[in-house]
Amino acid sequence: MSHVDYVRQEHHAFLKASDEALSNPALQQILDKLGDSLGQKNKDAWDAFEQHDLVRQRARAIKDDTLAALDKHLATLEESVTRRGGHVYWAENGEEASGFILDMIQSRGAKKVVKSKSMTSEEIHLNKTLEKHQIEVVETDFGEYIIQVAGHRPSHIVGPALHLSKDDVAEILSEEAGEELPSNREALAAFARRTLRSRFAEAEVGITGVNYAIAETGSIVLVENEGNARLTTSLPRIHIAVMGMEKVIPKLSDLKYFLKVLARAATGQKMSCYTSLITGARREGELDGPEEFHLIILDNGRSKILGGPLRESLFCIRCGACLNACPIYRNVGGHSYGGVYAGPIGAVLTPLYDGLADNHHLPHASSLCGACQTACPVKIQIPEMLVRLREQLHEEPGQLGRMESLAYGLWARSLRSSWLYGWGTWLATRTIGRWKRRTCWLRRLPGSLHGWTKQRDFPAPAPERFRDWWRQEGQHQTGNEEQRRES
Amino acid sequence: MNRDAFLTRVREAAAAGCAHRVHLNDIPGGVGYVGTSAEKCVALADEISAVGGEAIVVESPVAAKDAVATLLKQYEAASALCWKHAVLDRLKLPELLADTNVAVHDHSTLAKLPSDEQRQAILAADVGISSVDFAVAETGTLAVCSKPGRERVISLLPRVHIAIVEESQIVPDLFDVFEQLGKLSFDDLPSNLAFITGPSKTGDIELQLTTGVHGPGKWHVVIVRDA
């Protein structure tokens, strides 16, 4: 099979995974397209929407206000959901959340589950737990279905199978079908429609994520383009929704601002094809929709983030715009990041959720160019957060190598003393500066400093110090200039 | 985890986090209203075409009925799922379907079937015919609320969805829908409200658009002007 499984086993493999991604021409071709398609569409959508900036600020303010009294809004949400006949569960971590879901499915004697795309369920490794207990879970988002069959992890927040080519998909689905499927999109989508329809019809339980939960009405909102989330919440008898606790918004009228920006950010559409506002189970007399509604509210490390300086990362509405805008993501692809969430926001979230020490490469996996922040519908200051994480990283003992520590130590010392700085720069210009006066670049630094020069050259010191040049030439020239002006 | 312990921890964290709030200028409510400057029916039809649907504006219920008849013929529909709705009654849709030999399933016929036959009937239908609660001219969006007689699967399961919209149901902007929804009491909010903007789409293979992967691949909207 032509595709490579990028699922990373070790967190420290970021560099290795990026190297592999960079030398995979098929993947590079797809990633190249990403900026021109989704990235450009996002920009065009902002341009065409005159008040986009104000709406984005408004959405940002709603998130900020909500988080300031999050406990209150969550309690209101619980009350509203319960009043509409639903059930609420509070899960401290992924294990607890998966446990609730497993218990519920088992207590109803159910065996078959359909799921619509949910990053939160990915975060709690739900499928693994359910499969271990012989419960059949089928992902129904087309991209998720493809990678579930292939055994991959999502490589993009909104396009989970982005890393696969049409031929890869044909090969994967042909194996599943037990017959040769043609390598064209319509035929492959038709196969998925056929296969998944029967899964929808059989399933007793439908599991979804939550894009927004509205405290005052007890509604959850699902935004999608395919219709699989609507099917998941229309056909099975039981609906279970899993939400990260930061997904709550206080009022129904708050939702309209988010709907104005979410699709524009994610795909450049004004509205996604389907936005469902689901309030409880089916009502008396209705023929479709679930008979039971359960909502799981997940903390899983979020309260730790909420109380700290990186609280703004909880504003994220999972649109993927920062991935499409990021020059790093568009080179190394989603799997290199290792965590559930990739791209710039993943580089912030993964260290926060899974520990900074284990993910020390991620805060550095950015050029801090700021394209992510410009694209973000809620204007999250991602570059600033990455810098803060880098700071934290360097405060942790043992994060710097010996050579790096030595180099930074010398640098700091010499900056504190003018004669030492003067002597150091004199030495550097007289030695390296003069040796390299022709090329001006160092191709290879010694020892572990070579890490820096592996992918690019290092600028050599000039053959002469600026202060020496200034003493001889600069002052002289300025003097001439002044004389000319006076005369 | 115990509810109270969960919320206590959140309360403490939220309080601590207030030191790191982002400072924002006050943004007035209602910002972001776009609406439309064109005539409502035309604007809606244009947006529907832009998102991959097919819209037709007609001058009378009779013309709308003809438009639906043409579509049923075009798709060689043998069975249809239908809403019960005053707009459809004004079209005399039940008569049309009886004349054209299309097997019709609506709330009253489906409710009489045992559940597995009911399931088979809805899964087998060729066409779904509904009206809407609102249509949004700015985005080409149809808002449909569930209630008995207005089943959610009708706009979802068949390969073809035909929606009949009367001019009076059209609002300029999504915000107008939210204003109407805001007037509903807690208990009156429907169990399911779907905003539909286009045929079912996916870009999951190589970022190329493919329609009809789960929901209807064909989306027709017949817009009836007020008399």
Side-chain angles (χ1 to χ4, degrees), chain A residues 30 33 37 51 54-55 57-58 61 64 67-71 74-75 90 92 96 142-143 159 161 165-166 169 185-186 189 192-193 201 217 225-228 230-231 234 252-253 256-257 259-260 270-271 273-280 282-283 285-289 303 306-307 309 311-312, chain B residues 1-3 6-7 9-14 16-18 20-22 24 27 31-32 34 51 107 110-111 118-119 123 138-139 141 146-148 151-153 156 174-175 178 181-182 186 189-208 210 212-215:
Chain A
I30 295 166
K33 264 208 283 198
S37 60
Q51 288 189 309
L54 291 173
V55 181
Q57 284 183 57
R58 174 92 190 177
D64 192 43
L67 290 183
L70 187 62
D71 57 305
L74 288 173
W90 305 91
E92 184 186 1
E96 250 184 42
F142 188 31
S165 72
K166 192 170 61 187
V169 175
R185 296 194 312 275
E186 282 72 23
R193 181 181 172 108
T217 62
N225 275 320
E226 296 183 1
N228 63 307
R230 286 190 72 200
L231 287 164
S234 294
L252 181 58
S253 58
K256 60 178 188 266
Y257 301 107
L259 293 186
K260 287 260 173 173
K270 287 182 183 171
M271 287 279 283
C273 292
Y274 302 110
T275 301
S276 303
L277 185 77
I278 297 166
T279 312
R282 77 164 76 168
R283 313 194 82 178
E286 286 181 330
L287 293 179
D288 53 11
S303 53
L306 176 64
R311 143 192 202 276
E312 205 186 321
Chain B
M1 191 184 189
N2 173 303
R3 169 192 187 273
F6 187 108
L7 286 176
R9 191 165 65 178
V10 174
R11 180 165 55 249
E12 285 164 5
C18 282
H20 305 285
R21 286 192 67 162
V22 292
L24 296 157
I27 307 293
V31 68
V34 179
V51 295
H107 186 267
L110 287 169
Q118 193 187 89
R119 187 49 71 97
L123 285 169
E138 188 239 332
T139 54
T141 299
S146 65
K147 66 186 232 180
E151 281 65 40
R152 37 186 115 180
V153 291
L156 179 64
L174 185 71
F175 282 16
F178 275 84
L181 293 176
F186 182 86
L189 195 64
S191 56
N192 188 285
L193 190 172
F195 292 101
I196 304 173
T197 314
S200 160
K201 288 186 193 118
T202 182
D204 276 337
I205 301 183
E206 296 181 345
L207 298 162
Q208 300 287 313
T210 313
V213 64
H214 280 296

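Only a predicted model underlies this, so the values are computations on that prediction, with no experimental measurement involved. Chain letters run A, B, ... following the sequence lines, proteins first and then strands; every chain starts at 1.
Partners of A/R311 according to the salt bridge (charged side-chain N to carboxylate O under 4.0 Å, His left out) rule, which considers only residues two or more places apart in sequence or in another chain, are A/D64. Not counting sequence neighbours, B/S200 has no partner by the side-chain hydrogen bond (donor to acceptor under 3.5 Å, both in side chains) test.
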Residues B/H20, A/E312; criterion side chain to side chain contact (heavy atoms under 4.5 Å, CB included); working and verdict: CA-CA 8 Å; B/H20 305 285; A/E312 205 186 321; over 6 Å; no
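Contact of B/E12 with chain A is not made at all, since no heavy-atom distance falls under 4.5 Å. For B/L207, the part lying near chain A is the side chain, with the backbone staying farther off; criterion is any non-hydrogen pair under 4.5 Å. Only the side chain of A/S37 comes within contact range of chain B, judged by heavy atoms closer than 4.5 Å. When heavy atoms are compared at a cutoff of 4.5 Å, B/V34 approaches chain A by way of both its backbone and its side chain. Heavy atoms of B/T202 lying under 4.5 Å from chain A belong to its backbone as well as its side chain. Contacts between A/E286 and chain B at a heavy-atom distance below 4.5 Å involve backbone atoms as well as side-chain atoms. Heavy atoms closer than 4.5 Å to chain A are found in the side chain of B/R119, but not in its backbone. With a threshold of 4.5 angstrom between heavy atoms, A/L67 approaches chain B through N, CA, C or O but not through any side-chain atom. Contacts of B/F175 with chain A are made by both backbone and side-chain atoms, with heavy-atom separations under 4.5 Å.
Top candidate by heavy-atom pairs under 4.5 Å with chain B, chosen from A/G143, A/C273, A/G285, A/S303, is A/C273. Comparing B/A16, B/G32, B/C18 by how many heavy-atom pairs each has under 4.5 Å with chain A, the most go to B/G32. Each of A/N225, A/V55, A/T217 has some count of heavy-atom pairs under 4.5 Å with chain B, and the biggest count is that of A/N225. Considering only heavy-atom pairs separated by less than 4.5 Å from chain B, the leading option among A/Q51, A/R58, A/K270, A/E226 is A/E226. Between chain A and the residues B/A111, B/A194, B/G198, the most heavy-atom pairs under 4.5 angstrom are made by B/A194. Counting heavy-atom pairs closer than 4.5 Å to chain B, the top residue among A/L252, A/I278, A/L259 is A/L252. Heavy-atom pairs under 4.5 Å with chain A peak, among B/T141, B/L189, B/L123, B/L181, at B/L189. Here B/V31 is the residue among B/V31, B/N192, B/V10 with the most heavy-atom pairs under 4.5 Å with chain A. Between chain B and the residues A/N228, A/V169, A/L70, A/L74, the most heavy-atom pairs under 4.5 angstrom are made by A/N228. Contacts with chain A were tallied for B/L193, B/T210, B/L174, B/L110; B/L193 has the most, counting heavy-atom pairs under 4.5 Å. The greatest number of non-hydrogen atom pairs below 4.5 Å with chain A, out of B/T139, B/I196, B/V51, is found for B/I196.
Residues B/H214 and A/F142 share a closest heavy-atom pair of NE2-N, 4.4 Å. The two residues B/L156 and B/R152 have their closest heavy-atom pair at CB-O, 3.7 Å. Summarising the geometry of A/R230 relative to A/S276, their closest heavy-atom pair is CG-OG, 3.4 Å, with the distance given to 0.1 Å. Between B/L7 and A/A75, the closest heavy-atom pair is CD1-CB, 4.2 Å. Here the closest non-hydrogen pair linking A/A68 and B/R21 is CB-NH1, 3.4 Å.
Looking at B/E206 and A/R185, their side chains never come closer than 4.5 Å, going by heavy atoms from C-beta outward.
In this model, a donor atom of one side chain and an acceptor atom of the other lie less than 3.5 Å apart for B/S191 and B/S146.
The 12-atom threshold is exceeded at NZ of A/K33, counting heavy atoms of other residues, nucleotides or ligands nearer than 6.0 Å.
With values rounded to the nearest 0.5 angstrom, A/Y274 atom OH is found 8.5 Å from A/L231 atom CG.
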